[in-house]
Protein chains: 2
Amino acid sequence: MSQTLDDVAKTAGVSRSTVSRVINAHPNVSADTRSRVEHAIEKCGYRPNAVARSLATNRTNIIGIVVPESVTKLFTDPYFPLMLRGATEACNRNGYHLILSLFTGSIDSDVMHDRIARSGYIEGVVLANSSLDEMLVPSLFKEGIPFVNIGRHPDDRVNYIDVDNLGGARMATEHLIRMGHTRIATIAGPNNMAPGQDRLEGFLEVMRAHRLPVSKEMIAEGDYTEAGGRAAMMQLLNVRPTAVFASSDTMAIGAIKAIRAANLAIPDDISVIGFDDIPSGLTIDPELTTVRQPIEQIGRLAVETLFNVISDSTSGKREASVHRLVLPTELVIRKSCGHGMSRKD
Amino acid sequence: MSQTLDDVAKTAGVSRSTVSRVINAHPNVSADTRSRVEHAIEKCGYRPNAVARSLATNRTNIIGIVVPESVTKLFTDPYFPLMLRGATEACNRNGYHLILSLFTGSIDSDVMHDRIARSGYIEGVVLANSSLDEMLVPSLFKEGIPFVNIGRHPDDRVNYIDVDNLGGARMATEHLIRMGHTRIATIAGPNNMAPGQDRLEGFLEVMRAHRLPVSKEMIAEGDYTEAGGRAAMMQLLNVRPTAVFASSDTMAIGAIKAIRAANLAIPDDISVIGFDDIPSGLTIDPELTTVRQPIEQIGRLAVETLFNVISDSTSGKREASVHRLVLPTELVIRKSCGHGMSRKD
DNA sequence: GATAGTGTTGGGAGCGCTTCCAGGGAGGGG
DNA sequence: CCCCTCCCTGGAAGCGCTCCCAACACTATC
C-alpha cells in the first residue's frame with residue numbers, strides 16, 4: 001500500500017505537521033530535522049496524495065480546455081493540435097494538468113455541460129473557439145467558473161484572447177488589390193462565429209474604401225471544411241472573379257481544387273488567398289498565400305490568461321478586471337496570387 | 001459558499017448518510033425521503049465535491065493520455081486529433097475525464113515523468129505511440145499505474161493496441177507488384193518505433209517472396225515529417241525506382257513533392273503509395289493511394305482497454321491477463337499508383 | 001404473541017492532507 | 001537572574017465525502 005504522511009512521520013520520529021512543512025518548503029524547520037525527514041521520505045518512497053491535498057487546500061492544479069460541438073468536426077484541422085500544443089506547454093511550465101473535453105455528439109451536450117461546469121476538479125476553463133451563441137458561456141457564469149474564450153465574445157464580462165481578424169482580412173484584401181485585382185470574391189466563414197464575421201467585415205471595409213463593387217454573388221459562405229470551400233468556390237465560379245479571399249486555408253484548398261476542376265489555372269486565371277497558415281498550405285500546388293495567425297501562442301496565452309483570471313478570483317477581488325488580448329496577424333506571400341488583369345479599365 | 005452534504009441534510013431534515021445514499025442511488029431509501037432529499041438538493045443548488053468524493057472512494061474518474069517527446073513534433077499530423085477524438089469519445093461515454101500530457105521539451109522530461117506517474121489524479125494512462133525505448137514504461141510499471149500502449153511493445157507485460165502494420169505494408173507492396181512494378185523503393189519510418197519496423201518488414205517480406213531485389217539504396221529512412229519524406233525521396237531518385245512505398249502519408253506527400261521537383265510525373269514515372277489515410281491524402285494531386293488504419297477507433301479502443309485494465313487491477317486480481325488487440329488495415333486505391341513498365345523483362 | 005427477518009435511518013470513523021494554535025526551548029536585553 | 005522574543009515543533013481540527021455498523025421500526029411466520 002502507498003505510504004502516508006504518518007508513516008513518514010513515524011520513521012523520521014517527528015510529527016505529521018513537520019513532514020508536511022518539509023514537503024511544502026515551509027521555512028520554519030531546522031536544517032537538522034529537515035534532512036532527517038527528507039531521508040525518511042526517500043526511504044518510504046513516499047509521494048503525497050494529490051487528491052487529499054486538493055481537498056485540504058481547495059486547489060487542484062487542473063484546468064480544462066473545451067472544444068464545443070460546433071467545431072469538433074474541424075478538429076482535424078491543424079489549428080487545434082497547434083493550439084493544444086501551446087496550451088499544454090503553458091500548463092507544463094506551471095505545474096498544471098489539462099483536461100481535454102471534446103464534444104463528440106455521442107453524448108447529450110447538457111450532460112457534458114454539467115460535467116464540465118460542475119466537475120469539481122477544474123479550476124478554470126479555456127473555451128476553444130466557441131460560437132457566439134455557445135450555451136456553455138452562461139453555464140460557466142452561473143457556476144462561477146473562471147474561463148477564457150479563444151475568439152472575441154460580445155458579452156463584456158467574458159475574458160478572451162483573439163487575433164486581429166479584421167486587420168488580417170484587410171491585409172489580404174489590400175494585397176489582392178495591390179496586385180491589380182478588382183473582381184474579388186470571398187468565401188466567408190459561418191456567420192455565428194466571430195472570426196467569420198470579422199474576416200468578412202475586414203474584406204468589405206477595404207473593398208468599400210477602394211470603391212470596388214461587392215455584389216451578393218461575390219460572397220459565398222463555407223463551413224471551414226475543404227468540401228465547404230470547394231462548394232462555395234463552384235458557386236463563385238459563375239461570376240468569374242479574378243481573385244478569392246477565403247476565410248481559412250482549409251477552405252482555400254477546397255477552392256483551389258474547385259478551380260482546378262474547372263480547368264482554370266492558379267494564379268493565372270484566379271488568385272487565391274487563405275487565412276491561418278496551416279502546414280498543408282505548403283503542400284498544395286501552388287503554395288498558398290495566406291494570413292498567418294500565431295496559433296501556438298494563442299493556446300499558450302489563453303492558458304496564461306486563465307491563470308490570471310483564476311488568481312484574481314481566488315484573491316477575492318470582487319469586481320476583477322476583464323482580461324483581453326488581441327494578437328497581430330501577418331501576411332505570408334507565396335505563390336497562389338498573381339497579377340490581376342484589370343488595370344486596363 | 002458552496003453547499004455541502006450537511007447543508008442539504010439539514011434542510012431535508014435527514015442525516016448526511018441518507019443524502020449520500022440518494023445521490024449514489026442506493027436502493028435502501030424510502031420513496032418519501034428520497035423525494036424530500038431531492039427537493040432539498042434542488043433548493044440548495046447542491047453539487048457534490050468531486051475531490052472529497054475521490055478521497056473517500058479512492059477513484060478519480062480521470063485517465064491520462066501522454067504523447068512522448070519523440071512524437072510531439074508530429075502532433076500536427078492529423079493522426080493525433082483523430083486519435084484524440086476517439087479517446088475523448090470513449091471517455092465521455094463512460095463519465096471519465098481525459099488529461100492530455102504532451103511532452104513539449106520546454107520542461108525536463110524527468111519532471112514530466114514524475115508528474116504523470118505520481119500525479120495522484122490519474123487512474124491509468126494511454127501511452128500514445130511511444131518509441132520502443134520509451135523511458136516512461138518502466139516508470140509506469142514501477143509506480144504500478146495501469147497503462148495501455150498504442151503500438152506493440154516488446155515487453156510482454158505491456159497491454160497494447162496496434163494495427164496490422166505488417167499486413168498493411170504487405171498489401172501496399174503486393175499492390176505495387178500487381179501493377180507490374182519491380183523496382184520498388186521504400187521510405188521507412190524511424191527504426192526505434194514499432195510501426196516503422198513492421199512496415200519495413202512487411203515490405204521486405206513481400207519483395208523477398210516475389211524474388212524482387214531490394215538493395216540498400218532502395219531503402220531510405222524518414223522521420224514521418226513531410227520534409228523527411230522529401231529528403232528521403234531525393235536520395236532514392238538516384239536509383240530511379242518506378243514505385244515507392246512510404247511508411248506514412250505525410251512522408252508520401254513529401255516524396256510526391258520531391259518527384260515533382262525533379263520534373264517527373266506521378267504516377268507515370270513513379271508511383272507512390274502511403275500509409276495512414278489522412279485527409280490531406282485527398283488534397284494532394286494526384287490523390288494518394290494508401291493503407292487505411294482506423295485511427296479514431298484506435299483511440300477509442302485504447303481507452304476502453306485501459307478501463308478493463310483498471311478494473312482488473314482494482315478487483316485485485318494478482319496476475320491479471322495482458323490485454324492486446326490488433327486492428328486490421330485496408331488498402332485504399334486512388335490515383336498515385338500506375339502500371340509499372342517492367343513487364344517486359 | 002414472541003421471534004426472525006426486512007427495509008430504512010443515523011452515527012461515526014476514516015480517506016490523507018493542511019494549517020491554526022499553543023507550548024517549549026534558546027537567546028538577548030534589562 | 002528574570003522576562004520577553006523568536007524559532008521550532010506537536011496536537012488537533014478540519015476539508016466533504018463514503019460506508020460500515022448499530023438501531024429501530026414494521027411485517028411475516030409459527
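Chain letters run A, B, ... following the sequence lines, proteins first, then strands; residues in each count from 1.
Phosphate contact (OP1/OP2 of D:dA12, side-chain N/O of A:Ser17, threshold under 4.0 Å): absent. The shortest distance between the side-chain N/O atoms of A:Asn28 and the OP1/OP2 oxygens of D:dC7 is not below 4.0 Å. For B:Ser20, a side-chain nitrogen or oxygen approaches OP1 or OP2 of D:dT18 to under 4.0 Å. Between B:Ser15 and C:dT9 there is no side-chain N or O to OP1 or OP2 distance below 4.0 Å.
For the pair A:Asn49 and B:Arg34, nearest-nucleotide mapping onto DNA chain C gives the more 5' position to B:Arg34. Annotation: of the two residues near DNA chain D, A:Arg36 and B:Ala56, the 5′-most nearest-nucleotide partner is A:Arg36. If B:Ile23 and A:Pro27 are placed on DNA chain D by their nearest nucleotide, the residue sitting closer to the 5' end is A:Pro27.
Annotation: side chain of B:Leu5 is in contact with side chain of B:Tyr46 (closest heavy-atom distance under 4.5 Å). When side chains are defined from C-beta on, A:Thr60 does not count as touching A:Ile122, because their heavy atoms never get closer than 4.5 Å. At least one side-chain heavy atom of A:Val158 sits under 4.5 Å from a side-chain heavy atom of A:Phe147. A 4.5 Å side-chain heavy-atom check between B:Leu136 and B:Val125 finds every atom pair outside the cut-off. By the 4.5 Å heavy-atom criterion applied to side chains, B:His97 and A:Ile62 are not counted as neighbours.
Note on B:Val51: nothing from the nucleic acid sits closer than 4.0 angstrom, heavy atoms only. Within the 4.0 angstrom heavy-atom criterion, only backbone atoms of the sugar-phosphate kind lie near A:Thr33; the bases stay farther away. At a threshold of 4.0 angstrom between heavy atoms, the contacts of B:Val29 are confined to the sugar-phosphate backbone, with no base atom among them.
Annotation for B:His26: atom NE2 counts as buried by contact number, over 12 foreign heavy atoms lying within 6.0 Å.
Nucleotide D:dC17 holds its C1' atom 10 Å from the CG atom of B:Asp6, rounded to whole Å. Between the P atom of C:dC20 and the CZ atom of A:Arg16 lies a distance of 15 Å, rounded to the nearest Å. Taking atom CG of B:Leu55 as the reference point, atom P of C:dA13 lies 17 Å away to the nearest angstrom. Atom CZ of B:Arg59 is separated from atom C1' of C:dC15 by 15 Å (rounded to the nearest Å). Following rounding to the nearest Å, B:Tyr121 (OH) and C:dG16 (P) show an atom-to-atom distance of 15 Å. Distance CG (B:Leu5) to C1' (D:dT18): 9 Å, rounded to an integer number of Å. Atom CG in A:Asn24 sits about 13 Å away from atom C1' in C:dG16, given to the nearest Å. Between the C1' atom of C:dG10 and the NZ atom of B:Lys10 lies a distance of 14 Å, rounded to the nearest Å.
For C:dG7, its base never sits under 3.5 Å from the side chain of B:Ser30 at any donor and acceptor pair. Taking only distance into account, the side chain of B:Arg21 meets the base of C:dG10 through a donor-acceptor pair shorter than 3.5 Å.
When each of A:Thr4, A:Asp6, A:Asp7 is checked for a side chain to side chain donor-acceptor pair (under 3.5 Å) with A:Arg16, only A:Asp6 meets the rule.
Salt bridge annotation for B:Arg93-B:Glu89: present, with a cationic side-chain nitrogen under 4.0 angstrom from a carboxylate oxygen.
If you check C:dG10, D:dC15, D:dT18 against the side chain of B:Thr57, the one that comes closest is D:dT18.
Recorded end-axis angle for the helix from C:dG1-D:dC30 to C:dG30-D:dC1 stands at 50°, based on five pairs per end and rounded to 10 degrees.
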